[in-house]
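Atoms within a ligand are numbered from 1 in the order they appear, just like the ligands themselves. If you're wondering where the values come from, they're calculated on a predicted model, not measured in any experiment.
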Amino acid sequence: MCGIVGAIAERNVVPILLEGLRRLEYRGYDSAGVALLDGQGNLQRTRRIGKVKELADALQDNPIKGVTGIAHTRWATHGGVTEANAHPHFSSERIAVVHNGIIENYESLRTDLTTKGYGFTSDTDTETIAHQVHFELDNCDDLLTAVQNAVKKFHGAYGTVILDKNDPDRVIVARSGSPLVIGLGLGENFIASDQMALFPVTRRFMFLEEGDVAEITRTSIKVFDSAGLPVEREVKESNLEHDAGDKAGYRHYMLKEIHEQPTVIRNTLSGRLQDNGISANIFGHGADELLAKIKHVQIIACGTSYHSGMTARYWLEQYANVSCNVEIASEFRYRKSYVHPNSLIVTISQSGETADTLAALRLAKEQGYAASLTICNVPGSSLVRESDLAFMTLAGAEIGVASTKAFTTQLTGFLMLTMALGKHNNMSQDDHQHIIKALHSLPAKLEETLQLTDGIKALAEEFADMHHSLFLGRGDQYPIAMEGALKLKEISYIHAEAYASGELKHGPLALIDDEMPVIVVAPNNELLEKLKSNVEEVRARGGIMYVFADKEANFKSDETMRVINVPHCESAIAPIVYTLPLQLLSYYVAVIKGTDVDQPRNLAKSVTVE
Ligand code: F6R
């Protein structure tokens, strides 16, 4: 959420900052800005509402240059989408600041700083950082000390980079609750909120930890912990293969990422799934001993990741014989919940930085869970670092704001967790063999399913003028219906709701008429006959049905029902297989409607604010 890039070099850093912002744009695209210090101590700034392209055009029309610079792409939290609220923010044309996160006590800081004579020009919480640092600087005359003193006054979350016009040979960065990474160059150094922003200039990274403040010059990096003591942070070579900056010929990142699913699931399984099962150590060192005592699983996550947790509950209870609760992280973190004996807390997250999920994990760790596990796509992210165990999904960087391949790799990880826990809880040999066979067949099944594209494209034409839609599923397909509805609403802006189809007659049936498309996911499983009855209830009331069904489920297309036959698959992987047609449907509806598929309105990837 919001993107930060910074650089201190001997060359003009504008191209580095702009390319970094382009790579981070998926994190926020309400406005973008850059502040630069040139070799003569001049501080200049350009900001624009809208996407990074608007900023790049402005810089082309009125070029500014600098050897030290900070840049930001914003997802508005405090203050509307205006140029005045765009970062970088200044204090008296001397201090420049970019910031991710939220300073929760900004109102009282603002009142205090206003009393001290600082004039505010924006409605943002970030501007308080600039003025607070300026105030501290006036008292101590050292930028590093000023930032260390300032951050003590902030409540909330920040990843921030600060420049002082009068001290042009260093930048100061601070992190608490929002990620920041330092990229190491030769005679130049960089900063970003995500390493991917810096791939064109470096592959060597130092990840800051909670409470760290660092001083960065062209040739040195000094890190101090929250107590102000000097600390060493390891430098890591990034081996992320994916240069996600590239759409590989696809029109959108989302389409590329949908099509990558067979490959990334193959990668996620590779070396982890054997002919006879899995080794528990794929969840981390000592996982087998920790998992051996688990009798209950509590899953917490947000959005799409929450839907993968909802699906996993069916598997964990059906196959692994462990009880399981799933809760939205933002709810879990603010209520008193009961901790079952021998419970495992599982967080799920593509980014590993989602503020609510992280806060929920921290709370859970105080509550006496036996162990914590994260299923996550970003190595070194906060959730990975703060969990006892981690299963890394190998989806590669996901750029489309709407999550696709992260979701299906999470589900793949959950099937393996089901086997690991089932091993200690009397999972039947039949179920064990079924999941192994199903997982081995999964990548090829997904390749087959992607062949449905043409049929789905044609179907999408019928949706473009619709304003509402209903998604139905039963059992482990109910969360898949929920995920289908979320995908459709977030990228096509068509209102979509999902129901467990047995719930229809308890209210939602009242919505059915010939302007309400009803999308049904119907694998050939033990609930098929029940589902068919629900479908007839809708048909009898004039609803238009779009049914994604196993061929053997015997649905027939007619004037009130379009049937798309999905390749037959083992029941354990059906939730993963049926996800793909729903992703494709949302994608093509959005393309027909002409929405901004990769960067839908009002959203951003990696929700690092509450
Ligand atoms: C929807 C989507 C979001 C995320 C949610 C959690 O397509 O991507 O609902 O799933 O914001 O994010 P992570 O998984 O990064 O914790």
*Asks:* Checking a contact table here: which protein heavy atom is nearest atom 7 (O) of ligand 1, and how many Å away?
*Replies:*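 Here the nearest protein heavy atom works out to Glu490 OE2, 2.5 Å.
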*Asks:* What is the ring orientation for Tyr587 with His252, classed by angle as parallel under 30°, tilted 30 to 60°, or perpendicular over 60°?
*Replies:*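 Ring orientation, 0 to 90° scale: perpendicular.
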*Asks:* What protein heavy atom lies closest to atom 3 (C) of ligand 1? Include the residue and the distance to one decimal.
*Replies:* Thr304 N, 4.0 Å
*Asks:* What atoms of ligand 1 come within less than 4.0 Å of a heavy atom belonging to Lys487?
*Replies:*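 Those atoms are 1 (C), 7 (O).
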*Asks:* Relative to Phe205, does Arg203 satisfy both conditions: NZ or CZ under 6.0 angstrom from the six-membered ring centre, and within 45 degrees of the ring's axis?
*Replies:*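 Negative - Arg203 is either too far from the ring of Phe205 or too far off its axis.
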*Asks:* Within the 4.0 Å heavy-atom shell around Thr354, which atoms of ligand 1 are there?
*Replies:*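 Those of ligand 1 that fall under 4.0 Å from Thr354 are 12 (O), 13 (P), 15 (O), 16 (O).
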*Asks:* So is Arg272 actually on top of Phe391's ring, under 6.0 Å and inside 45° of the axis?
*Replies:* yes
*Asks:* Near Ala402, which atoms of ligand 1 are under 4.0 Å from a heavy atom of that residue?
*Replies:* 7 (O)
*Asks:* Mark yes or no: Arg601 above the aromatic ring of Tyr493, with NZ or CZ under 6.0 Å from the six-membered ring centre and no more than 45 degrees from the axis.
*Replies:* yes
*Asks:* Considering heavy atoms of the protein only, find what lies nearest to atom 15 (O) of ligand 1 and give residue, atom and distance to 0.1 Å.
*Replies:* Ser351 OG, 2.7 Å
*Asks:* Could I get the full list of side chain to side chain donor-acceptor pair (under 3.5 Å) partners for Glu497, not counting sequence neighbours?
*Replies:* His495
*Asks:* Within the 4.0 Å heavy-atom shell around Ser349, which atoms of ligand 1 are there?
*Replies:* 13 (P), 14 (O), 15 (O), 16 (O)
*Asks:* For atom 8 (O) of ligand 1, what is the closest protein heavy atom, and at what distance to 0.1 Å?
*Replies:*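 Protein heavy atom at minimum distance: Ser403 CB, 3.2 Å.
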*Asks:* For Val401, take its heavy atoms, then give the atoms of ligand 1 lying under 4.0 Å from any of them.
*Replies:* 7 (O), 8 (O)
*Asks:* What is the closest protein heavy atom to atom 5 (C) of ligand 1, and at what distance does it sit?
*Replies:* Cys302 O, 3.6 Å
*Asks:* To the nearest 0.1 Å, how far is atom 11 (O) of ligand 1 from its closest protein heavy atom, and which atom is that?
*Replies:* Val607 CG2, 3.8 Å
*Asks:* Could you tell me which residues satisfy side chain to side chain donor-acceptor pair (under 3.5 Å) with Asp30, sequence neighbours excluded, listed by chain and number?
*Replies:* none
*Asks:* Under 3.5 Å, is there a donor on one side chain and an acceptor on the other for His78 and Asn85?
*Replies:* no
*Asks:* Do His99 and Thr160 get their side chains close enough for a donor-acceptor pair, meaning under 3.5 Å?
*Replies:* no
